[in-house]
Peer 1: 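So that we are looking at the same thing, I have put the structure below in structure tokens.
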Protein chains: 2
Amino acid sequence: MYYSIKQVSEQTDLKPHVLRYYEKEGLLPFVSRSENGVRRYSKDDLEWLGLVCCLKNTGMSIKKIKDFVDLCAQGDKTLKQRCDMLLEHKRDVEEQIREMYKHLEKVTYKISYFTEQYKNFVESSETGA
Amino acid sequence: MYYSIKQVSEQTDLKPHVLRYYEKEGLLPFVSRSENGVRRYSKDDLEWLGLVCCLKNTGMSIKKIKDFVDLCAQGDKTLKQRCDMLLEHKRDVEEQIREMYKHLEKVTYKISYFTEQYKNFVESSETGA
DNA sequence: ATAAACCTTAAAGTTAACATTAAGTCAAGA
DNA sequence: TCTTGACTTAATGTTAACTTTAAGGTTTAT
């Protein structure tokens, strides 16, 4: 069973031209075509696309995803390298989350500061009125 | 006491040309100049820059930060609006973090999958040798 | 006093990740 | 049959957030 580019588009929230773009950039090297040159996506292609999206959603660049894909194409001898790459990426993401929390604290602090100011403003306009 | 653009650059990890860029985009409307037109940053300017960086670090766009700055320039009557804006931004950031966690889980899952594959590969090359 | 190190503006260049447009092929329904 | 809609490629456009370059003025150390 195959899926058209439109069907895949609907399942993944990636528009057709984005799917073509990813393919052109080497992120989806195995998508087959009908006799008329129309793309048809297999279950395996969707699985693969899932991995690509997973990496992209966590902020990996397209270039780096391409590097990963190229490693896959080289077969089992790159399995360790791929594991290492994913583990490093995971550490990156965890670090991103920690940074986010740190920055979020500052936002929270700023909010309390502005809220205080607003409270004073409302009070003063009440007594002034 | 004033700081030169270089000094501010060193304190904030923003390069001089970025500080000029931010000013040009309206993010730093109050920086004064010496008689020769050289920028000099006051404590207040640094405080202000701190807020700008805080918003930028949590992913607010320069355009949106500019909107916030413009509200500030309109005085106390926009205080509530500014509080609301920051609160909404905070919710955005929290949502970002939640999404990150969700995506991180998938990465973790993929890692276990690849690690398993690698384990099998090592085993099979051991028995094969 | 002259060279190095700083500052200024304006304008053009860069990068990633798409998005849009143009020009065309192909299949299904009224 | 004809038109509508989905597909194709290739090329060009867009956006954000810088980054670099060019061309020049000023300050400071030797």
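Because the structure is a prediction, the values reported are computed rather than measured. Residue numbering restarts at 1 for every chain, and letters A, B, ... go by the order of the sequence lines.
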Peer 1: Heavy atoms, side chains only, cut-off 4.5 Å: are Lys90(A) and Glu94(A) in contact?
Peer 2: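 Sidechains of Glu94(A) and Lys90(A): in contact.
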Peer 1: Measure from NZ on Lys24(A) to P on dT9(D) and round the result to the nearest Å.
Peer 2: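 Going from Lys24(A) (NZ) to dT9(D) (P), I get 11 Å.
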Peer 1: Send over the distance from Leu19(B) CG to dT19(D) P, rounded to a whole Å.
Peer 2: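 Value for this atom pair: 12 Å.
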Peer 1: Considering only NZ, NE, NH1 and NH2 on the basic side and carboxylate oxygens on the acidic side, decide whether Glu23(A) and Arg20(A) come within less than 4.0 Å.
Peer 2: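 Here Glu23(A) does not pair with Arg20(A) in a salt bridge, since their nearest N and O are not under 4.0 Å apart.
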Peer 1: On DNA chain D, nearest-nucleotide positions of Lys6(A) versus Ser61(B): which is more 5'?
Peer 2: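 That would be Lys6(A).
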Peer 1: Verify the contact: side-chain N or O of Ser4(A) to OP1 or OP2 of dC7(D), cut-off strictly under 4.0 Å; return yes or no.
Peer 2: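 Yes.
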Peer 1: Once you round it to whole Å, what is the distance between P of dA17(D) and CD of Glu23(B)?
Peer 2: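 So the two atoms are 18 Å apart, to the nearest Å.
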Peer 1: What is the distance, rounded to the nearest whole Å, between atom OH of Tyr21(B) and atom P of dT21(D)?
Peer 2: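 Answer to the nearest Å: 19 Å.
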Peer 1: Working to the nearest 0.5 angstrom, can you tell me the gap between Glu116(B) CD and Lys119(B) NZ?
Peer 2: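 Reported value, rounded in 0.5 Å steps: 4.0 Å.
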Peer 1: Please report the distance, rounded to the nearest Å, between CD in Glu10(A) and C1' in dA6(D).
Peer 2: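 So the two atoms are 12 Å apart, to the nearest Å.
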Peer 1: Measuring from Arg33(A):CZ to Tyr2(A):OH, what's the distance to the nearest 0.5 Å?
Peer 2: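 Here the rounded value is 13.0 Å.
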Peer 1: Would you kindly give the NE2-to-C1' distance between His17(B) and dA22(D), to the nearest whole Å?
Peer 2: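 Rounded to the whole Å, the gap is 16 Å.
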Peer 1: Toward the 5' end of DNA chain D, which comes first, Ile5(A) or Lys15(B), by nearest nucleotide?
Peer 2: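 Its nearest nucleotide being more 5', the pick is Ile5(A).
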Peer 1: Rounded at 0.5 Å granularity, tell me how far NZ in Lys56(B) sits from CG in Leu27(B).
Peer 2: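 With rounding to 0.5 Å, NZ (Lys56(B)) is 10.0 Å from CG (Leu27(B)).
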Peer 1: Contact boundaries of DNA chain C with chain B (under 4.0 Å, heavy atoms), 5' to 3'?
Peer 2: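 Contact span on the strand: dC6(C) to dT9(C).
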Peer 1: I need the NZ-P distance between Lys64(B) and dA17(D), as an integer number of Å.
Peer 2: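 Rounded to whole Å, this separation is 12 Å.
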Peer 1: Answer yes or no: are there more than 12 heavy-atom neighbours, outside Phe30(A) itself, under 6.0 Å from its atom CZ?
Peer 2: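 Atom CZ in Phe30(A) is packed in, count exceeds 12.
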Peer 1: Could you check if a side-chain atom of Val52(B) sits within less than 4.5 angstrom of a side-chain atom of Phe68(B), using non-hydrogen atoms only?
Peer 2: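 With C-beta onward as the side chain, the pair stays apart.
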Peer 1: Taking atom P of dT9(D) as reference, at what distance in whole Å does atom CZ of Arg20(A) sit?
Peer 2: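 Answer to the nearest Å: 7 Å.
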